[in-house]
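Residue numbers start from 1 in every chain, and the chains themselves are labelled A, B, ... in the order their sequence lines are given, proteins ahead of strands. Because the structure is a prediction, the values reported are computed rather than measured.
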Amino acid sequence: MDATQDKRLFLIDAYAMIFRGYYALIRNPRLTSKGLDTSAIFGFTNSLIELIRREKPTHLAVVFDVGQASVRTEDFAEYKANRSETPEAIKIAVPYIHKILEAMHIPILGVEGYEADDVIGTIACKAEKEGYTTFMVTPDKDFAQLVTDKIKIYKPGLKGGDIEILGVEEVKAKYEIEDPKQVIDFLAMMGDAVDNIPGLDGVGEKTAMKFLKEFGNIETLLANTDKLKGKLKEKVEASAERGILSKKLATIICDVPVEFHQEQYDLETPDFEKVKEVFDEIEFRRLYENLYRAFAPAATETIVVSEVEVKQTSAGTEVKGQVMQLDLFANFEELDQATSTKSTIEHNDHLYQFIDNPKAQKKLVDNLLQQKVVCFDTETTSLNELEAELVGMSFSYKKGLAYYIPLSENRDEVLQTLEIFRPFFEKEDLLKIAHNLKFDYKVLQQYDITVKGAMFDTMIAHYLLNPDGRHGMDYLSEVYLNYKPVSIETIIGKKGKNQGTFRDADLRTQTDYAAEDADITFQLYELFAPQLKKENLEELFYNIEMPLMEVLAKMELAGISLDEKWLAQESVDLENDLRQLEAKIFELSGEEFNMNSPKQLGEILFEKMQLDPKAKKTKTGQYATSEDVLQKLSSKHEIIKHILEYRTYQKLKSTYVDALPSQIDKTDNRVHTNFSQTTAATGRLASVNPNLQNIPIRTLRGQQIRGAFVSGEGQKIISADYSQIELRLIAEISGEENMIKAFQDGEDIHASTAAKLFKIPLEEVSKTQRSQAKTVNFGIIYGQGAFALAEQTGLSRTEAKQMIEAYFETYPKLKEYMAEQVSKARQLGYVETILGRKRHLKDINSNNFVVRAHAERNAVNAPVQGSAADVVKIAMIKIDRELDEQQLKTKMLLQVHDELVFESPVDEIEAASALIKKEMEGALKTQVPLLVEIGTGDNWLEAH
DNA sequence: CTAGACACGC
DNA sequence: GACGTACGTGTCTAGA
């Protein structure tokens with residue numbers, strides 16, 4: 001700003017502002033520190049800083065009344081007597097304010113015997129001759145101060161926003177007068193010129209206005225009282241003296257002995273250190289940051305942030321920070337409310353700020369659109385995306401710098417604000433980072449915003465880097481950034497019925513939390529992105545997991561319909577069956593007990609009934625009563641089969657029949673599961689809330705529950721299943737020709753395996769032999785040993801061992817492959833899938849047999865299970881794209897590891913089925929054909 | 001409120 | 001000689 005062109009002198013009436021600040025604030029909970037009421041200090045200082053920030057004065061001084069105003073001493077006697085005692089807080093405030101002003105290098109003026117008004121008026125007159133525009137900063141509404149055309153009244157608003165600036169023109173217009181000095185006559189008449197001095201009796205605002213027009217000033221009025229009538233005449237004449245006194249007291253004396261040396265008033269940069277000392281003493285935190293911002297270099301909209309140095313040491317990450325020079329919005333006039341809120345500038349490592357002004361928000365978006373990489377985060381009222389209402393959004397594209405956009409409770413207003421941000425979310429070549437992006441994606445989708453283009457989920461990134469670990473942001477921050485973020489629970493309360501929502505928090509708290517999340521996530525991105533590249537995981541990340549995230553989001557939002565009527569009836573039926581079984585069991589055991597307690601059941605079976613003298617116990621000393629244990633006892637007592645049946649029904653009822661209806665979303669009557677992309681270490685998905693990946697299928701009664709998953713009106717369910725995908729993939733990966741050939745010839749793989757194992761023609765394979773071969777096939781996939789095999793097949797240990805040997809003879813490459821995986825794990829510490837998904841096996845060299853054996857089994861299993869997961873994921877992405885491309889309305893609803901479930905309008909079932917089968921079978925180029933079995937029906941059971 | 005036992009899926 | 005298939009989630013009980 002060029003001072004020679006625009007010389008703006010601000011003169012503050014100190015006591016007036018201190019009083020005003022005090023009275024404005026005492027209505028609020030008191031600002032105290034060390035037991036002192038700091039309202040007056042805060043009110044004044046806050047207004048001062050706000051003034052500097054907004055107006056950028058070139059010159060500034062604060063004027064105090066000093067001593068008795070001797071010029072008016074006599075007149076003051078009565079005037080003062082009517083004043084109430086100065087509040088203690090104001091007496092305390094003055095010395096602190098002096099200290100603050102000194103530290104800020106702001107001149108303190110005052111002339112013995114004169115009021116601040118007089119001093120200001122005199123200086124203003126002198127400054128005018130030097131070409132200044134002078135602003136008298138005062139909360140008073142008397143315009144007697146308007147001693148010259150050049151002076152303006154600057155009346156700061158209570159909350160910083162509603163300032164009022166009154167110059168001559170404004171005053172003339174307001175009072176419809178020629179000479180602004182007439183205002184004092186007006187005020188003297190109605191008694192509003194000086195505190196506690198009433199004006200003329202019987203004269204209010206309207207009468208005063210009339211008198212002003214008729215007589216011009218108070219003296220003329222009083223000289224012509226004969227023109228008045230009745231009571232009014234009497235009253236005015238009687239109170240004439242007071243009116244004159246009032247005018248006299250309010251008239252500014254413009255010849256105070258004070259010089260105006262402009263250089264004395266130059267606004268200088270404060271001594272921040274000193275100010276901070278004072279602020280620290282009275283515990284003003286936010287004010288310091290505001291002060292800092294107020295003095296930030298003007299006229300720049302770019303971020304000037306000094307770099308923060310990060311040092312990795314053995315003790316952890318060391319962050320050395322510099323002060324942020326400036327934020328985005330310095331000198332941005334429209335930004336009324338966009339004050340920075342983070343109080344930790346003393347840490348010098350970050351700047352968090354909220355922006356609630358649409359113009360400023362647009363500015364921010366302009367800025368975001370110029371970035372290549374931006375991190376964002378949404379804050380909502382709920383973790384359930386369907387219920388969640390947006391409370392705010394935060395953005396960060398530079399470490400230590402983040403913005404928070406608070407959003408209205410009114411949905412229409414939120415939609416308006418989101419329109420401003422739409423270009424950001426939709427920009428293709430802008431990498432949008434978030435932690436658990438699927439959540440934000442779904443929430444925004446509910447507001448008609450589709451996040452498009454390049455995306456980066458730091459949670460998924462970490463999952464690929466370390467699939468076994470935890471991936472929560474707080475955890476990652478502590479581990480990788482050595483920083484413990486503000487816990488959400490400190491804001492909204494502990495989990496439970498009394499937990500509030502993010503909306504209940506005040507804006508400053510919201511800003512701190514939300515901005516921090518965006519900042520941290522951005523920093524995690526900076527760490528993880530290069531690591532993904534280094535570990536060759538970029539392809540998997542950008543081409544599989546991130547696109548899959550979108551597919552999953554769509555599936556979850558779609559949900560699936562349930563036959564509630566059937567479930568309700570089934571609940572009743574199951575309950576009846578359970579009560580009958582229970583009665584039977586109690587009768588047989590001769591005692592009533594809690595059937596749902598394995599502990600009680602064990603005691604009944606093994607102590608009271610003595611069904612097995614060598615009963616197995618669990619590690620806690622309880623009797624084991626799991627299914628396999630009971631199964632072996634079934635011949636001993638009739639009660640066992642009832643118990644097993646009871647258990648099955650109890651499970652069906654509690655987990656499915658009763659639980660599922662409670663998960664139905666009220667708005668669309670469908671259940672919306674969540675597919676977790678980061679929990680299964682092998683690369684599989686997991687389904688939660690509810691888990692729709694473990695809906696019964698094996699037992700007849702269990703199967704009926706699948707029947708309750710129904711298609712909507714005019715639609716059918718399509719279910720597509722990979723046939724033996726894991727076995728096919730292990731054949732493929734190991735290059736085992738015998739197995740590959742069997743698959744290529746379309747043989748029944750288990751029968752084929754049995755034929756080879758038992759060296760008999762395929763046609764002669766018995767049911768038992770096929771079943772045994774099947775068990776071995778699965779055992780191989782899981783790295784099972786002879787002992788477990790024997791247990792499952794009923795063979796002896798030796799027989800089982802022989803069978804495994806025979807198996808490896810049949811499929812020699814398989815044996816090789818398994819050994820290779822283990823040795824690869826030993827050397828590299830990890831194994832990987834066909835797409836390079838890694839699983840780290842730190843226990844592979846353990847001396848503990850059990851631990852090591854576990855790791856070895858993982859070494860074999862992880863690539864197989866993981867590769868199968870990869871293939872299904874590829875298929876899902878391709879199907880989603882094709883459906884979109886061909887504009888089909890068929891929707892993917894569920895994924896159950898090797899099965900995909902769709903809902904398809906009746907008229908496109910054939911097209912959709914063909915498309916699905918094609919994409920699934922062609923997901924990966926393999927020697928071994930991938931076979932998909934597909935079916936349709938009115939519900940999931942029929943489709944199978 | 002947590003750990004353990006159990007049962008469902010692939 | 002040990003050793004008991006992988007990966008998950010949800011429900012319930014018991015005990016602190």
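The side chain of A/A680 approaches C/dC7 more closely than any other nucleotide in the set B/dC6, C/dC7, C/dA6. Here the nucleotide nearest the side chain of A/T655, chosen from C/dA6, C/dG10, C/dT9, is C/dG10. Here B/dG4 is the nucleotide among C/dA6, B/dC6, B/dG4 with the atom lying nearest to any side-chain atom of A/T620. Minimum atom distance to the side chain of A/T625 is reached by B/dC6, of the listed B/dC6, B/dC8, C/dC7.
Separation of the P atoms belonging to C/dG4 and B/dC10 is 25 Å when rounded to the nearest angstrom.
Nucleic acid contact for A/E627: sugar-phosphate only, since backbone atoms but no base atoms lie under 4.0 Å from a heavy atom of the residue. Among the protein residues, A/A624 comes within range of the sugar-phosphate backbone only, with heavy atoms under 4.0 Å from sugar or phosphate atoms but none that close to a base. Heavy atoms of A/S676 sit nowhere under 4.0 angstrom from any nucleic acid atom. Note on A/A659: only backbone sugar-phosphate atoms sit closer than 4.0 angstrom, heavy atoms only; bases stay farther off. In this structure, A/R839 reaches the sugar-phosphate backbone alone: every heavy-atom distance under 4.0 Å involves primed, P, OP1 or OP2 atoms, never a base. Residue contacts for A/A681: at a heavy-atom cut-off of 4.0 Å it reaches the sugar-phosphate backbone alone, with no base atom in range.
Between A/Q704 and A/P696, the closest side-chain pair of non-hydrogen atoms is not below 4.5 Å. Counting heavy atoms from C-beta outward, A/E556 and A/K438 have side chains that approach closer than 4.5 Å. In this structure, the side chains of A/F709 and A/S719 stay at 4.5 Å or more apart for every pair of heavy atoms.
For the pair A/N861 and C/dC7, the criterion of a side-chain N or O lying under 4.0 Å from OP1 or OP2 is not met. In terms of phosphate contacts, A/T679 brings no side-chain nitrogen or oxygen within less than 4.0 Å of OP1 or OP2 of C/dC7. The side chain of A/T618 places an N or O atom within less than 4.0 Å of a non-bridging phosphate oxygen (OP1 or OP2) of B/dA5. Between A/K599 and B/dG4 there is no side-chain N or O to OP1 or OP2 distance below 4.0 Å.
Checked by distance alone, A/R647 brings no side-chain donor or acceptor within 3.5 Å of a matching partner on the base of B/dC6.
Straight-line distance from the NZ atom of A/K651 to the C1' atom of B/dC8: 5 Å, rounded to whole Å. The interatomic distance linking A/Q663 (CD) with C/dG10 (P) rounds to 8 Å, in whole Å. For the pair A/N596 CG and C/dG10 C1', the computed distance is 14 Å after rounding to whole Å. Taking atom CZ of residue A/R857 and atom P of nucleotide C/dC3, one finds them 12 Å apart after rounding to whole Å. Taking atom CD of residue A/Q622 and atom C1' of nucleotide B/dA3, one finds them 11 Å apart after rounding to whole Å. Between A/L841 atom CG and C/dC7 atom P there is a gap of 10 Å when expressed in whole angstrom units. In this entry the distance linking NZ of A/K616 with C1' of B/dA5 reads 14 Å, nearest Å. Put simply, CD on A/Q600 is 9 Å from C1' on C/dT13, counting in whole angstrom units.
Using a 4.0 Å cut-off on heavy atoms, the residues of residues 693-710 of chain A that approach DNA chain B are A/Q693, A/N694, A/I695, A/P696, A/I697, A/R698, A/R706, listed by number.
The pair A/E856-A/R826 meets the salt-bridge criterion, with a side-chain N (NZ, NE, NH1 or NH2) lying under 4.0 Å from an Asp/Glu carboxylate O. One finds no salt bridge joining A/K584 and A/E645 here, because no Lys/Arg side-chain nitrogen approaches an Asp/Glu carboxylate oxygen to under 4.0 Å. With salt bridges taken as basic N to acidic carboxylate O contacts below 4.0 Å, none links A/E627 and A/R647. Taking a cutoff of 4.0 Å between a charged side-chain nitrogen and a carboxylate oxygen, A/D612 and A/K632 do not qualify as a salt bridge.
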Each base of DNA chain C marked ( ) or [ ] if paired in-strand (Watson-Crick or G-U under 3.5 Å), | if paired to another strand and . if unpaired gives ......|||||||||.

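Legend: residues meeting salt bridge (charged side-chain N to carboxylate O under 4.0 Å, His left out) with A/E575, ordered by chain and number and at least two apart, are A/R579, A/K653.
With the nearest nucleotide of DNA chain C identified for both A/P467 and A/N594, A/P467 has the one nearer the 5' end. Both A/N691 and A/H854 lie close to DNA chain C; mapped to their nearest nucleotides by heavy-atom distance, the more 5′-ward contact belongs to A/H854.
Looking only at atom types and distance, the side chain of A/N384 has no donor-acceptor partner in the side chain of A/S382 under 3.5 Å away. Side-chain contact of A/E899 with A/H944: a donor-acceptor pair under 3.5 Å is present, judged by distance alone. Using modelled atom types and a 3.5 Å distance limit, the side chains of A/K756 and A/S752 yield a donor-acceptor pair.
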